[in-house]
Asker: 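Mind looking over this structure? Questions follow.
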Amino acid sequence: MNRRFVWLAVCMALSVIGSFIKLPTFVGSIALDSAPALVAAAVLGPQAGATVAGLGHFISAYIGGWPLGPFHWLVACEMAVLGALFAAMYGRGWRFGGAIAFFVGNVFLAPLPLVVAFGWPLVIAVIPPLSVATAMNILIAMAVMPSVVRLAAKVGGKAPHA
């Protein structure tokens, strides 16, 4: 079995587990599902980061009881872009810049399309819990990434992306 596929499967499984760890907010899809996506992005690159981030959002939304309609497709695409962006920045050595870009994109830019259907009050109300969840996801990922990158390098001879 391909090592990259195994790493991707482990990160996806951890994203599913993280999607069950919800923050107690009025939005049921805010969870700790992004940390494994950031780790996948750092270890495996933009495609893996995008895949785990996008699918992780779908799973988190589904577990949270949300219908998987057009807005969740949009959010999943946004998460995929943010995962790929983080991977690109991380791969160039801009680790903290990537974390900041992910935070700003996830907290302030990704909710903007929701204004059309739900209005500014919902978007403004979602920013504080989304800020906390995003910060937690980033801190978890940044804490474990050095160890995971070293493990990937040890097992595979070199880290696949980092």
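As a basis for the values below, the full set of heavy atoms in this structure was taken, side chains included, without hydrogen atoms, waters or symmetry mates. Keep in mind it's a predicted model, so treat the numbers as computed, not measured.
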Asker: Going hydrophobic residue to hydrophobic residue with side-chain gaps under 4.5 angstrom, can you get from L122 over to L130?
Answerer: yes
Asker: Where do S131 and F103 land on the side-chain contact (heavy atoms from CB on, under 4.5 Å) test, with the steps shown first?
Answerer: CA-CA 8 Å; S131 297; F103 182 87; 4.0 Å; yes
Asker: List in chain and number order the residues that pass side chain to side chain contact (heavy atoms under 4.5 Å, CB included) with F20, two or more places apart in sequence or in another chain; answer none if no residue qualifies.
Answerer: V16, I63
Asker: Kindly compute the distance separating OG (S15) from CE (M79), expressed to the nearest 0.5 Å.
Answerer: 8.5 Å
Asker: So, using side chain to side chain contact (heavy atoms under 4.5 Å, CB included) as the criterion, who are the partners of M142 when residues are at least two apart?
Answerer: F86, R95, F96, A99, I138, M145
Asker: Could you grab the distance from atom NE2 of H57 to atom CG of L82, nearest 0.5 Å is fine?
Answerer: 12.0 Å
Asker: Would you kindly confirm whether L139 and I17 end up in one hydrophobic cluster when ILVMFWY residues are joined by side chain heavy atoms under 4.5 Å apart?
Answerer: no
Asker: Applying side chain to side chain donor-acceptor pair (under 3.5 Å) as the test, list every pair that has at least one member in residues 98-108; sequence neighbours left out.
Answerer: N106-T134
Asker: Consider only side-chain heavy atoms of I, L, V, M, F, W and Y, link residues closer than 4.5 Å, and tell whether V148 and Y90 are in one cluster.
Answerer: yes
Asker: Checking V81 against C77 for the side-chain contact (heavy atoms from CB on, under 4.5 Å) test, could you report, in this order, the C-alpha distance in whole Å, the side-chain angles of both residues, the deciding distance, and whether it holds?
Answerer: CA-CA 6 Å; V81 167; C77 288; 5.7 Å; no
Asker: Which atoms form the tightest heavy-atom contact between S19 and I59, and what is the distance?
Answerer: OG-CG2, 3.5 Å
Asker: Where is the tightest heavy-atom contact between V123 and P111, given as atom of each residue plus distance?
Answerer: CG2-O, 3.6 Å
Asker: Do V126 and V132 sit in one hydrophobic cluster, given that two such residues count as connected whenever their side-chain heavy atoms are within less than 4.5 Å of each other, even indirectly?
Answerer: yes
Asker: Specify the closest pair of heavy atoms between A110 and P113, including all atoms of both residues, with the distance to one decimal.
Answerer: O-CD, 3.1 Å
Asker: Minimum heavy-atom separation for A31 to K22, with atom names?
Answerer: CB-CD, 3.8 Å
Asker: Please report the interatomic distance CE(M136) to CD1(I21), rounded to the nearest 0.5 Å.
Answerer: 8.5 Å
Asker: In terms of hydrophobic clusters joined by side-chain contacts under 4.5 Å, are F71 and V115 together?
Answerer: yes
Asker: Could you tell me which non-hydrogen atom of T25 sits nearest to which non-hydrogen atom of P129, and how far apart they are?
Answerer: CG2-CB, 3.2 Å
Asker: Scan for side chain to side chain donor-acceptor pair (under 3.5 Å) pairs involving residues 75-89, sequence neighbours excluded, and state none if there are none.
Answerer: none
Asker: Between F58 and D33, is any pair of side-chain heavy atoms under 4.5 Å apart?
Answerer: no
Asker: Tell me, please, which residues at least two apart from I124 pass side chain to side chain contact (heavy atoms under 4.5 Å, CB included).
Answerer: W120
Asker: Are the side chains of I127 and F108 in contact, using a 4.5 Å heavy-atom criterion?
Answerer: yes
Asker: Would a 4.5 Å heavy-atom cut-off, applied to side chains only, mark L23 and L32 as touching?
Answerer: yes
Asker: Quick one: side chains of residues 34-54, donor-acceptor pairs under 3.5 Å with protein atoms, not counting sequence neighbours, listed by atom name and distance.
Answerer:
from, atom 1, to, atom 2, distance (Å)
T51, OG1, Q47, O, 2.8

